[in-house]
Amino acid sequence: MSPAPTVVENPAFKHPAFNRIPPWVRAKLSPLAIEKIQAVYEWVENECIPREQIMKAQLEGKRWVTPPLIHELRDKAKQRGLFNLFLPNHFKESPGLTNLEYSCCAELMGRCYWAAQTMNCHAPETGNIELLAKYCSEEQKKKWLAPLMEGTASSAYSMTEPDVASSDATNIGISMRREGDEYVINGRKLYGNCLWNKDLTFYILMGLSDPENPDKWHRHTMIIVPCNTPGIQQVRNLTIMGYDHAPEGHGEYLYTNVRVPAANVILGEGRAFEIAQGRLGPGRIHHCMRLIGQCERAYELALVRCTDPRKRPRGKLIGEFDSNIERVAQMRLELDAARLVVLNAADTMDLLGNKAGKRAIAQSKILVPAMATKWIDECMQIYGGMGVTQHTPLPEMWTYARFVRLADGPDAAHRHQVGREEMKTAGGFRERNEAYKRRYKELAEKYGEKYVSFD
Ligand SMILES: Cc1cc2nc3c(=O)[nH]c(=O)nc-3n(C[C@H](O)[C@H](O)[C@H](O)COP(=O)(O)OP(=O)(O)OC[C@H]3O[C@@H](n4cnc5c(N)ncnc54)[C@H](O)[C@@H]3O)c2cc1C
């Protein structure tokens with residue numbers, strides 16, 4: 001007799017927070033995770049989504065001031081133990097969830113664009129906190145990591161540059177010259193949060209410190225640059241498909257003789273690539289987790305519109321047309337499949353580490369934003385003309401999914417990397433294929449059949 005299905009019987013899983021979590025994942029959830037997933041669900045549904053329009057209203061006319069609502073919610077979320085849930089349980093600073101458990105929380109956060117921020121689980125903070133927790137000295141942690149985790153400081157990640165192809169980070173060219181106990185930085189940077197928001201405290205900057213080093217993997221260094229350092233000039237805020245993304249924004253920067261203490265170097269001179277590898281895995285996967293939640297929200301909106309009794313072209317509900325029934329089915333299918341890809345990546349990171357999870361992370365990064373842009377676009381179409389206006393959150397959702405195809409590395413670069421790795425496995429398949437042929441030859445002789453070669 002097969003064992004009783006204990007996962008299904010656990011009464012906690014009757015809570016709607018667990019509706020979309022597959023049984024194999026439920027089976028791995030700790031009691032702490034079950035409690036947190038439920039709490040995140042309640043938080044997003046009751047404290048964030050109903051306040052979406054209030055957030056917009058508070059930003060009107062004061063684009064670069066963090067709205068009072070965010071401060072209020074962050075204080076509350078911290079008191080409820082919902083801060084920093086993303087930091088995996090192998091860090092001593094972690095609240096105790098695995099990457100897989102956090103995926104379930106992050107999906108729920110993705111249902112509201114800024115919910116993650118209220119829980120200090122937003123980009124680039126998550127990637128930066130993990131970086132500092134992993135690579136900083138204890139002294140640096142006290143100074144830079146602790147305030148980030150407390151939510152009293154805010155950081156940006158500054159790698160991309162306008163003058164080079166930054167998807168290949170060996171090209172990064174901003175000059176970082178050592179002078180005594182300082183580094184002097186000169187050059188341009190694209191992206192990293194907007195300095196107009198006074199809450200921004202520091203940048204984690206990748207610069208070229210040893211251009212003559214024959215080893216291109218050891219020419220670069222990461223350093224913490226406080227925002228108030230003289231010589232940093234923000235040229236403009238970048239808009240993304242027309243959105244300014246206030247109050248965090250995306251700055252474009254000019255560095256002119258910016259002097260930073262050498263004590264701010266992370267891990268050591270020339271070790272930026274070691275750090276960059278460690279940072280991008282978690283950052284990438286968090287975006288994908290949230291995109292799944294965002295797609296669920298778009299899906300729900302599409303169903304609402306499909307069944308709106310006021311909208312009856314040719315006398316039928318929108319959802320009564322076969323084309324829309326099929327659209328809904330296909331979106332459901334691809335969304336569920338994409339979730340499995342993300343959960344697999346998170347589980348692989350837990351079981352084998354971020355390095356071994358590289359391919360699974362890349363798979364998520366390639367698949368999820370493409371899936372999300374495609375289906376949010378279809379949801380807009382179901383909404384007709386209203387779908388591309390501010391009457392629905394769909395255009396903002398689509399923009400988020402679209403930029404994640406680029407942020408943390410373009411999908412083409414990930415496909416290139418995955419494809420190259422896969423090509424390396426061809427040798428094994430060639431050998432196996434030859435073995436099939438040899439065996440076929442033996443069997444042809446045994447059965448007295450003619451051996452047919454197609455080579
Ligand atoms: C909204 C948003 C937020 C961002 N936030 C940050 C941030 O906080 N900090 C930061 O440092 N950067 C940030 N970025 C920048 C982002 O990481 C880079 O834009 C990205 O890594 C690509 O670098 P690039 O723009 O220099 O493009 P390039 O490197 O010039 O690449 C251009 C195109 O070339 C093609 N290509 C590149 N490599 C390959 C390859 N291996 N195989 C096939 N085709 C390839 C792709 O089509 C790619 O899109 C952000 C970007 C966006 C859109």
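Order of listing sets the numbers, starting from 1, for every ligand and every atom in it. One is the number of the first residue; the rest follow in order along the sequence.
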Handout entry: Derivation of the side chain to side chain donor-acceptor pair (under 3.5 Å) call for Gln233 and Thr256
Key = CA-CA 8 Å; Gln233 183 198 344; Thr256 314; 5.4 Å; no
Practice task
Test side-chain contact (heavy atoms from CB on, under 4.5 Å) on Leu200 and Gln234 and set out the steps.
Solution key: CA-CA 13 Å; Leu200 186 62; Gln234 180 173 303; over 6 Å; no
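Note that Arg332 lies in the cation-pi zone of Tyr299, set by a 6.0 Å cut-off to the ring centre and a 45° limit from the axis.
A 6.0 Å sphere centred on CG of Asp215 holds more than 12 heavy atoms belonging to other residues, nucleotides or ligands. For Arg359, the CZ atom sits in a loose shell: 12 or fewer heavy atoms of surrounding residues, nucleotides or ligands are nearer than 6.0 Å.
Contact annotation for atom 35 (C) of ligand 1: protein absent (non-hydrogen atoms, distance under 4.0 Å). Within a 4.0 Å radius of atom 2 (C) of ligand 1, the protein contributes at least one heavy atom. Of the protein's heavy atoms, none falls inside 4.0 Å of atom 32 (C) of ligand 1.
Under a 4.0 Å N-O distance rule, the pair Glu93/Lys141 qualifies as a salt bridge. Salt bridge annotation for Glu107-Arg20: absent, with no cationic side-chain nitrogen under 4.0 angstrom from a carboxylate oxygen. Taking the charged nitrogens against the carboxylate oxygens, Arg297 and Glu396 have no contact shorter than 4.0 Å, which rules out a salt bridge. Using a cut-off of 4.0 Å between Lys/Arg side-chain N and Asp/Glu carboxylate O, Lys142 and Glu139 are scored as not salt-bridged. A salt bridge links Arg63 with Asp244: at least one charged nitrogen is closer than 4.0 Å to a carboxylate oxygen.
In summary, the atoms of ligand 1 found under 4.0 Å from a heavy atom of Thr160, numbered by their order in the structure, are 10 (C), 11 (O), 12 (N), 13 (C), 14 (N), 15 (C), 16 (C), 17 (O), 18 (C). Per-residue contacts place Asp408 under 4.0 angstrom from the following atoms of ligand 1 (heavy atoms of the residue considered): 17 (O). Listed by number with element, the atoms of ligand 1 under 4.0 Å from a non-hydrogen atom of Val164 are 26 (O). Per-residue contacts place Met159 under 4.0 angstrom from the following atoms of ligand 1 (heavy atoms of the residue considered): 10 (C), 11 (O). Applying the 4.0 Å criterion to heavy atoms of Ile240 picks out, from ligand 1, the atoms 1 (C). Close approach of ligand 1 to Pro410 (heavy-atom distance below 4.0 Å) involves ligand atoms 20 (C), 21 (O), 22 (C), 48 (C), 49 (O). Using a 4.0 Å cut-off to heavy atoms of Gly192, the atoms of ligand 1 that qualify are 7 (C), 8 (O), 9 (N). Close approach of ligand 1 to Tyr157 is summarised as follows: ligand atoms under 4.0 Å from at least one heavy atom of the residue are 7 (C), 8 (O), 9 (N), 10 (C), 11 (O).
Distances shorter than 4.0 angstrom do not occur between any heavy atom of Pro124 and any atom of ligand 1.
Checked against Thr348 for a side chain to side chain contact (heavy atoms under 4.5 Å, CB included), the options Asn344, Leu351, Asp350 give a single hit: Asn344.
The nearest protein atom to atom 20 (C) of ligand 1, hydrogens excluded, is given as Leu406 O, 3.5 Å; this is a heavy-atom distance. Among all protein heavy atoms, the one lying closest to atom 43 (C) of ligand 1 is Ala412 CB, 3.7 Å.
Under the 30°/60° scheme for interplanar angles, the aromatic rings of Phe403 and His250 are found to stand perpendicular.
Counting only non-hydrogen atoms, the option in His416, Lys189, Arg420, Glu161 that gets closest to atom 40 (C) of ligand 1 is His416. In this structure, of Gly249, Ser166, Ser155, the residue bringing a heavy atom nearest to atom 27 (O) of ligand 1 is Ser166.
Residue-to-ligand polar distances place Ser167 within reach of ligand 1: an N/O pair is separated by less than 3.5 Å. Every N/O-N/O distance between Tyr191 and ligand 1 stays at or above 3.5 Å.
The side chain of His250, and not its backbone, has at least one atom closer than 4.0 Å to an atom of ligand 1 (non-hydrogen atoms only; side chain from C-beta on).
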